[in-house]
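One structure below.
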Amino acid sequence: MKKPIFLLLVLGLTQGAFTQTFELSAEIRPRLEYLHGFKTLMPDTLDAAAFVSQRTRLNFDYNSEKIEAYLSLQNIRTWGDVATLNSSDKNGLAIQQAWASLFLSPQFSLKLGRQEISYDDERIFGSVGWAQQARSHDALLAILNPNDKHQLEIGFALNAEAETLFEVPYRLNNYKTFQYLWYHTSFTHAGLSILALNNGMSYEENSAQKTVYNQTLGMHFTFFKNKLKGDTSFYFQGGKIGNQSLSAYNFGANFYYAVAQKFTAGLGIEYLSGTDMNTTSTKLKSFTPWYGTNHKFNGWMDYFYVGNHNNSVGLLDINATLTYRKNKFSATLNPHIFSAAAVVVDETNTKMNKALGTEWDLVMQYKWTDVVAFQAGYSQMFATKTMEVLKEGNKDNTNNWAWVMITVKPSLFKTSFEKN
C-alpha cells in the first residue's frame, strides 16, 4: 500500500507545478548618418551634418503561467555628446518599457504599464523602432483572444505631469488621454483589422486649458495567395483639434508579387487629405497618422509626417518597390512620386503645381549572425519649386542622406524552472 500512496502524493504535487522563464538580453545599435537635405531642403549657407547616434538597451523578461513582466532600460546618446572625462551622462538611463501582463484566464488578459503599442502596418499605432528612443505609452490594455481567428484589444491612457491635489494644466507635447478599440480577424488567405481611436488633446484658449477630442475610425485589410500579397486601408478622422473642426481621411493600397525566386516587385499608393493654403474655411481637412511609425511611409528622408507636415496640404504618394533576397543578404529599391493633396500657394497667393518631387531610397541588409545585422542606406530627393514653398532650403542643391547601422542583440542569460 505504501507505493500507491507515494505515487498519489507525487502526482498531487506536480499537477500544480508550472514553468517559469527568465531572460536577460541586450541591444547595442550605433548608426552613422550623413545629412545633406534630410527632412527639409538643404539651404545654400549651411553645411551637411554627420554624427553617430547609439541606442543601448538592457531587457528583463519574466514569464509564468499567470504573469509576464518586461522591463527595458535604455540610454540614447550621440557619440561625443559628453567629454571623455565627464562625470555624468547627458541623457542618463531611461525606462523605455516597464509593463506586466496578467493572464486572468486562457482567453483574457490585462497589460499595464509603459509599453510599445503596435498594430497592423503601424500607420496609426507603431513602435517607431527606427528612432533610437522609439515610442512607448503609459497605458492599460484589456486583451481578449477567444480563439486563433479573433482578437480584441481595448486601450486606455490618462496622462498628467505630476501627482497634484488639484487639476493643473498638462503642457507636454503629448495627448492628454485616449481610448481605443482594435479588433482583428483572420481568414484562410486574408486578415481584417478595425480600429476606433478617441484622442484627447489639450490646448490653451482664453488663458485656460481645454481638452477636446478627435476620432479616428478605419480598417486595414491584408491578403496573400501564392506569389501575390497586398494590403489596403482606409481611415476617417473627425472631431476637433484645438478650436478647429476636423474632417480628414487617408487611404492606401500596396501590392507585391514574387516575380522570381529572389526578386519581389511591388506598387503602392497612399493619399492623406490636406487643407488648402488659400482656404477661408475654419475646418481642418489634414489627416494625422497620430502614433504611427511614420518613418517607414512616404520615403525614408522623413519629409512628411515625421515631426513635420502636420495640419498641412496633405500628400499623394505613388511608389514602387523592388527587393532582392539571397541567403543572409537583401536589398530594396523604393522610388516615390510625391504630390500635394490640397492647394499650395506661394507668397503672392499664386497657385502652385501640386507636384512636390521624387525620392529614391536604397536599403541593404546583411544578417551576419542570429544576433548581429548590418544595414546601410542611401536616399536622394529631387524636389520641385512647390516643395520650396513648403520647406526651407533650395531644391537645386543636392538633397541626400546616407547611413550605416549595426545592430547587436545578444541573449545574455536565459533560464527555465518548475515551481509548485
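Side chains are part of it too, since the values below use all heavy atoms of this structure and drop only hydrogens, waters and symmetry mates.
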Using the salt bridge (Lys or Arg N to Asp or Glu O under 4.0 Å) rule, take K395 and E388 through it: C-alpha gap first, then chi angles, then the decisive distance, then the call.
CA-CA 6 Å; K395 72 177 183 64; E388 283 189 332; 5.8 Å; no
Under 3.5 Å, is there a donor-acceptor pair between the Y119 and H184 side chains?
no
Would you say the side-chain atoms of Q20 and E65 include a donor-acceptor pair closer than 3.5 Å?
no
For D148, look at atom CG and say whether over 12 heavy atoms of other residues, nucleotides or ligands are found less than 6.0 Å away.
no
Are any of the side-chain heavy atoms of Q365 and V363 separated by less than 4.5 Å?
no
Under a 3.5 Å cutoff, is there a donor and acceptor pairing between the side chains of E122 and T293?
yes
Could you tell me whether I95 atom CD1 has more than 12 heavy atoms of other residues or ligands within 6.0 Å of it?
no
Flag the pair L32 / F51 as yes when at least one side-chain heavy-atom distance between them is below 4.5 Å, and no otherwise.
no
Basic-acidic side-chain contact under 4.0 Å: R171, E204
yes
Side chain to side chain contact (heavy atoms under 4.5 Å, CB included) partner of E27, chosen from T56, T407, V408
T407
Does T398 form a side chain to side chain donor-acceptor pair (under 3.5 Å) with N400? I'd like the steps, not just the answer.
CA-CA 6 Å; T398 299; N400 59 3; 5.9 Å; no
Does the side chain of L333 reach to within under 4.5 Å of the side chain of T321, using non-hydrogen atoms?
no
Whether the R57 and N75 side chains hold a donor-acceptor pair (N or O, under 3.5 Å, no angle test) is what I'd like checked.
no
Have W300 and N334 got a donor and an acceptor in their side chains that come within less than 3.5 Å?
no
Not counting sequence neighbours, which residues clear side-chain contact (heavy atoms from CB on, under 4.5 Å) with T84? List them please.
none
Give the intermediate values and the outcome of side chain to side chain donor-acceptor pair (under 3.5 Å) for residues S281 and T279.
CA-CA 5 Å; S281 172; T279 184; 4.7 Å; no
Residue pair F103, E68: steps toward the side-chain contact (heavy atoms from CB on, under 4.5 Å) verdict
CA-CA 8 Å; F103 305 112; E68 181 181 5; 4.1 Å; yes
Would a 4.5 Å heavy-atom cut-off, applied to side chains only, mark M405 and R29 as touching?
yes
Quick one about E392 and T40 (side-chain donor to acceptor, distance below 3.5 Å, no hydrogens or angles considered), yes or no?
no
Selection residues 303-354 - residue pairs positive for ring-ring contact (aromatic ring centres under 6.0 Å, His included), sequence neighbours left out
F263-Y324, F304-H309, F304-F338, Y305-H309, H336-F338
Any side-chain donor near an acceptor of the partner, N349 and N278, under 3.5 Å:
no
Between R114 and D138, is there a side-chain N and carboxylate O pair less than 4.0 Å apart?
yes
Within the supplied structure, the quantity of interest is the number of heavy atoms (other residues, nucleotides, ligands) at a distance under 6.0 Å from I337 CD1; does it exceed 12?
no
Check the pair D361, S379 against side chain to side chain donor-acceptor pair (under 3.5 Å), reporting the backbone distance first and the verdict last.
CA-CA 4 Å; D361 298 322; S379 300; 2.7 Å; yes
Tell me, do N59 and L71 make a side-chain contact under 4.5 Å, heavy atoms counted?
no
Worked check of ring-ring contact (aromatic ring centres under 6.0 Å, His included) between F125 and Y180
CA-CA 11 Å; F125 276 104; Y180 72 83; 4.9 Å; yes
Can you see whether S109 engages S101 through a side-chain donor-acceptor pair at a distance of less than 3.5 angstrom?
no
Given 3.5 Å as the limit, does a donor-acceptor pair link the side chain of S53 with the main chain of T78, or not?
no
Among side-chain atoms of S247 and Q237, is any donor-acceptor pair under 3.5 angstrom?
no
Within a strict 4.5 Å, meaning less than it, do heavy atoms of the F178 and L158 side chains meet?
no
Taking distance alone, no hydrogens or angles, what donor-acceptor pairs closer than 3.5 Å link side-chain atoms of residues 248-260 to residues at least two apart or in another chain?
residue: N250; atom: ND2; partner: E270; partner atom: OE2; Å: 3.1
residue: N250; atom: ND2; partner: Y271; partner atom: O; Å: 3.0
residue: N254; atom: ND2; partner: D231; partner atom: OD1; Å: 3.1

Flag the pair V343 / T275 as yes when at least one side-chain heavy-atom distance between them is below 4.5 Å, and no otherwise.
no
Salt-bridge test for E116 and R135: reply yes if a basic N is under 4.0 Å from a carboxylate O, no otherwise.
no
Can you tell me which residue pairs pass the ring-ring contact (aromatic ring centres under 6.0 Å, His included) test with a partner in residues 199-222, sequence neighbours excluded?
none
Does one side chain, of N198 or Q179, offer a donor that lies under 3.5 Å from an acceptor on the other?
yes
Looking at side-chain heavy atoms only, is the closest gap between L192 and M219 below 4.5 Å?
yes
Cationic tip of K176 within the cone over Y170's six-membered ring, i.e. under 6.0 Å and within 45° of the normal?
yes
Output all residues satisfying side-chain contact (heavy atoms from CB on, under 4.5 Å) with K240, sequence neighbours left out; order by chain, then residue number.
V212
Partners meeting side-chain hydrogen bond (donor to acceptor under 3.5 Å, both in side chains) with N199 (sequence neighbours left out)
Y291
Cation over ring face, R31 and W130, 6.0 Å, 45°
yes
